[in-house]
Amino acid sequence: MYIPEFNITLPGWLHEMLSGELQQLPGDEAQMRFVISLAIENIRQESGGPFAAAVFDSSGNLLAPGLNLVTSLHCSILHAEIIALALAQQRIGSHDLSDAGRSHHTLVTSAEPCAMCLGAIPWSGVSRVVFGALDADVREIGFDEGTKPDHWKEALATRGIEVRGEVLRSEAARLLQAYSEKGGPLY
């Protein structure tokens with residue numbers, strides 16, 4: 001019986017982009033600009049979909065970047081948020097980024113989480129989620145975001161996870177439009 005190995009390989013351009021010392025990025029807007037720059041480069045390099053994410057610690061230090069690698073690695077679960085969370089957890093050596101409530105991390109994502117990514121957030125240990133483009137912006141260009149509860153932000157809040165949306169929304173929505181105009185694959 002053949003049992004394949006599964007390795008997630010990040011594009012070389014990301015390694016090059018992060019090879020220099022990354023300074024702290026304090027504030028949601030600075031972190032979102034960084035995430036949007038990752039998504040723009042992901043489109044330009046044709047290494048995945050028009051989405052990016054990152055996990056930052058409470059001081060604004062980058063813990064892990066995430067790119068959408070669905071098309072390049074042929075796997076539907078490789079959304080930017082999933083990659084960023086997985087890499088952050090690997091980096092700290094724990095499935096719980098909160099360290100039982102002692103640490104605070106923020107997931108910054110270029111677009112509102114889809115149904116799958118929303119499901120992963122409560123178990124990740126992040127204490128904040130910051131997103132750019134709205135679900136409607138993503139659906140407008142043809143992506144299927146899945147079915148999410150109407151009050152998902154409130155549901156996360158009851159779990160102690162703060163949500164801030166529409167941070168640099170116009171820039172995040174523009175990159176989605178650019179992807180659509182370029183003819184990027186929808187999935």
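Excluded from the calculations below are hydrogen atoms, water molecules and symmetry mates; all remaining heavy atoms, backbone and side chain alike, are included. If you're wondering where the values come from, they're calculated on a predicted model, not measured in any experiment.
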Chemist: Measure the CZ-SG distance between Arg139 and Cys114 for me, rounded to the nearest 0.5 Å.
Modeler: 9.5 Å
Chemist: Looking only at heavy atoms, what is the nearest atom pair of Leu118 and Pro149, with distance?
Modeler: CD2-CD, 4.0 Å
Chemist: Please step through side chain to side chain contact (heavy atoms under 4.5 Å, CB included) for the pair Val35 and Val130, ending with a clear verdict.
Modeler: CA-CA 11 Å; Val35 166; Val130 175; over 6 Å; no
Chemist: Measuring from Arg159:CZ to Ile121:CD1, what's the distance to the nearest 0.5 Å?
Modeler: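 Here the interatomic distance stands at 11.0 Å.
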Chemist: Hydrophobic cluster membership, with links at side-chain heavy-atom distances under 4.5 Å among I/L/V/M/F/W/Y: are Leu78 and Trp123 in one?
Modeler: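 Leu78 and Trp123: separate clusters.
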Chemist: Using the rule that two of Ile, Leu, Val, Met, Phe, Trp, Tyr join whenever any of their side-chain heavy atoms come within less than 4.5 Å, decide whether Leu14 and Tyr179 are in one cluster.
Modeler: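 Hydrophobic grouping puts Leu14 with Tyr179.
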Chemist: Taking all atoms of both residues into account, what is the closest heavy-atom pair of Ala84 and Ala64, and its distance?
Modeler: O-CB, 3.6 Å
Chemist: What's the spacing between Leu69 CG and Ile77 CD1 if we round to 0.5 Å?
Modeler: 11.0 Å
Chemist: Of the non-hydrogen atoms in Ala173 and Ala133, which two are nearest, and what is the gap between them?
Modeler: N-CB, 4.1 Å
Chemist: CD1 of Ile141 to CG of Leu186: how many Å apart, nearest 0.5 Å?
Modeler: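 Between atom CD1 of Ile141 and atom CG of Leu186 there are 6.0 Å.
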Chemist: If you measure from OG on Ser103 to CD1 on Ile92, what distance do you get to the nearest 0.5 Å?
Modeler: 6.5 Å
Chemist: According to a hydrophobic-cluster definition based on side-chain heavy atoms being under 4.5 Å apart (Ile, Leu, Val, Met, Phe, Trp, Tyr only), do Ile43 and Leu73 belong together?
Modeler: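 Looking at the clustering, Leu73 is in the same group as Ile43.
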Chemist: Can you tell me how far apart CD (Glu41) and CD (Glu16) are? Round to the nearest 0.5 Å.
Modeler: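 Here the rounded value is 9.5 Å.
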Chemist: I'd like to check Pro50 versus Asn42 (side-chain heavy atoms, cut-off strictly below 4.5 Å). Are they in contact?
Modeler: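 In short, these two side chains do not touch, never coming nearer than 4.5 Å.
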Chemist: For residues Phe34 and Val108, determine if any side-chain heavy atom of one lies less than 4.5 Å from a side-chain heavy atom of the other.
Modeler: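 Sidechains of Val108 and Phe34: no contact.
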Chemist: Without swapping roles, check the side chain of Gln24 against the backbone of Ser59 for a donor-acceptor pair under 3.5 Å.
Modeler: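 Yes: the side chain of Gln24 pairs with the backbone of Ser59.
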Chemist: Quick one, Ser37 with Met17, criterion side chain to side chain contact (heavy atoms under 4.5 Å, CB included). Give me CA distance, side-chain angles, the key distance, then yes/no.
Modeler: CA-CA 10 Å; Ser37 75; Met17 182 184 230; 4.1 Å; yes
Chemist: Assess the residue pair Ile40 and Ile36 against the criterion (side chain to side chain contact (heavy atoms under 4.5 Å, CB included)); give the C-alpha distance rounded to whole Å, side-chain angles, the decisive distance to 0.1 Å, and a yes or no.
Modeler: CA-CA 6 Å; Ile40 290 169; Ile36 288 172; 3.7 Å; yes
Chemist: Apply the side chain to side chain contact (heavy atoms under 4.5 Å, CB included) test between His79 and each candidate in Val70, Leu67, Leu85, Thr109; give the one that qualifies.
Modeler: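 Option passing the side chain to side chain contact (heavy atoms under 4.5 Å, CB included) with His79: Val70.
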Chemist: So, for Ala53 and Leu38, which heavy atoms are closest and what is the spacing to 0.1 Å?
Modeler: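 Ala53 and Leu38 have their closest heavy atoms at O-CD1, 4.1 Å.
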Chemist: Same hydrophobic cluster for Leu168 and Val129, using side-chain heavy-atom links shorter than 4.5 Å among ILVMFWY?
Modeler: no
Chemist: Considering non-hydrogen atoms only, spot the tightest contact between Leu25 and Gln31 and give its length.
Modeler: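 In terms of heavy atoms, the two residues are closest at O-NE2, 2.8 Å.
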Chemist: Identify whether Met32 and Leu134 are in the same connected component of the hydrophobic contact network (ILVMFWY, side-chain heavy atoms under 4.5 Å).
Modeler: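 Cluster IDs for Met32 and Leu134 differ.
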Chemist: Heavy-atom count check: over 12 atoms from other residues, nucleotides or ligands less than 6.0 Å from His15 NE2?
Modeler: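 Above 12, so yes.
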Chemist: In terms of heavy-atom contacts, does CD of Gln45 have more than 12 from other residues, nucleotides or ligands at under 6.0 Å?
Modeler: yes
Chemist: Look at the rings of Trp152 and Phe131 and say which category their plane angle falls in: under 30° parallel, 30 to 60° tilted, over 60° perpendicular.
Modeler: tilted
Chemist: Residues in ring-ring contact (aromatic ring centres under 6.0 Å, His included) with Phe56, at least two apart?
Modeler: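 With sequence neighbours excluded, Phe56 shows a ring-ring contact (aromatic ring centres under 6.0 Å, His included) to no residue whatsoever.
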Chemist: Would you call Glu46-Lys182 a salt bridge at under 4.0 Å N-O?
Modeler: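 Salt bridge between Glu46 and Lys182, a charged N being under 4.0 Å from a carboxylate O: yes.
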Chemist: Can you see which heavy atom on Arg164 is nearest to which on Glu29, and at what distance?
Modeler: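 For Arg164 versus Glu29, the nearest heavy atoms are NH2-OE2, 3.0 Å.
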Chemist: Determine whether Leu87 and Ile8 make a side-chain contact, defined as any pair of heavy atoms from C-beta on separated by less than 4.5 Å.
Modeler: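 Leu87 does not reach Ile8 side chain to side chain.
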Chemist: Hey, are the side chains of Glu81 and Met116 touching, using non-hydrogen atoms and a 4.5 Å cut-off?
Modeler: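 A side-chain contact under 4.5 Å is absent here.
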Chemist: Measuring only between side-chain heavy atoms, which start at C-beta, is Leu97 closer than 4.5 Å to Leu63?
Modeler: yes
